[in-house]
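The next block holds one structure in the form of structure tokens; read it before the comments.
Only this structure's heavy atoms are used, side chains among them; waters, hydrogens and symmetry mates stay out.
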Amino acid sequence: AVKRVQAKSRAAREGVAGQCEFRSEDITQQAWAGVGRWSAVFVHILPEGIAPLEGALLALDCPVVCASYGLTSVKPDAAGLGWEIFNLPELIPGVGDRAELLFA
């Protein structure tokens, strides 16, 4: 609970609190799943934890950013050292959609 409070405080300080949701729950229950619910999802889970969630993550129909360990059933749309992005819409050159800048 302390980490969630710190994250909310930091988001407020950075002016993005209204764009973020911080949750603490059993992810295997998949209460977070649902098409159209998220604009993007950041996942940092060990491979044995992410494997059973791959189908639900891909069904979210939004970009799924994986740090350290990616999804194994599909090829990432963009990738760099330590990160991969799945379900990434086609990038439009010159519009600021630069996936490689996410972790620069």
Side-chain angles (χ1 to χ4, degrees):
V2 172
K3 294 278 187 188
R4 189 170 52 234
V5 170
Q6 290 172 338
K8 286 181 179 182
S9 174
R10 176 80 187 265
R13 188 170 62 244
E14 297 296 329
V16 295
Q19 301 169 10
C20 302
E21 182 174 333
F22 301 95
R23 301 167 67 123
S24 178
E25 62 189 57
D26 180 348
I27 60 168
T28 63
Q29 300 290 315
Q30 298 188 18
W32 47 268
V35 175
R37 191 166 181 190
W38 309 106
S39 56
V41 176
F42 180 83
V43 181
H44 194 221
I45 303 173
L46 292 172
E48 59 271 13
I50 201 169
L53 303 174
E54 283 195 27
L57 287 167
L58 291 170
L60 292 175
D61 197 30
C62 70
V64 177
V65 181
C66 295
S68 300
Y69 306 101
L71 308 178
T72 59
S73 63
V74 294
K75 183 180 173 187
D77 296 309
L81 184 60
W83 60 270
E84 296 177 330
I85 303 176
F86 304 85
N87 282 350
L88 189 63
E90 186 174 329
L91 300 178
I92 303 168
V95 180
D97 293 331
R98 303 226 10 232
E100 69 273 12
L101 296 180
L102 286 173
F103 296 99

Requested in this report: Please report the closest heavy-atom contact between Q30 and P52, naming both atoms and the distance.
Outcome: NE2-O, 4.2 Å
Query raised in the report: Of the non-hydrogen atoms in R37 and A31, which two are nearest, and what is the gap between them?
Result: NH1-O, 2.5 Å
Report summary line: Residue set satisfying side chain to side chain contact (heavy atoms under 4.5 Å, CB included) with A79, at least two apart, ordered chain then number -> P76, E84
Requested in this report: Using side chain to side chain contact (heavy atoms under 4.5 Å, CB included) as the criterion, list what pairs up with A17, not counting sequence neighbours.
Outcome: A11, A12
Query raised in the report: Rest of the hydrophobic cluster containing L46 (Ile/Leu/Val/Met/Phe/Trp/Tyr, side-chain heavy atoms under 4.5 Å)?
Result: Y69
Report summary line: Tracing side-chain contacts under 4.5 Å among Ile, Leu, Val, Met, Phe, Trp and Tyr outward from F86 reaches I27, W32, W38, V41, V43, I45, I50, L53, L57, L58, L60, V64, L71, V74
Query raised in the report: Sequence neighbours excluded, which residues qualify as salt bridge (Lys or Arg N to Asp or Glu O under 4.0 Å) partners of E21?
Result: R23
Query raised in the report: Among all residues two or more places apart in sequence or in another chain, which pass the salt bridge (Lys or Arg N to Asp or Glu O under 4.0 Å) test with R10?
Result: E14
Query raised in the report: In Å, rounded to the nearest 0.5 Å, how long is the span from CD of Q29 to CD of E25?
Result: 9.0 Å
Query raised in the report: In Å and rounded to the nearest 0.5 Å, what is the CG to SG distance from L88 to C62?
Result: 10.5 Å
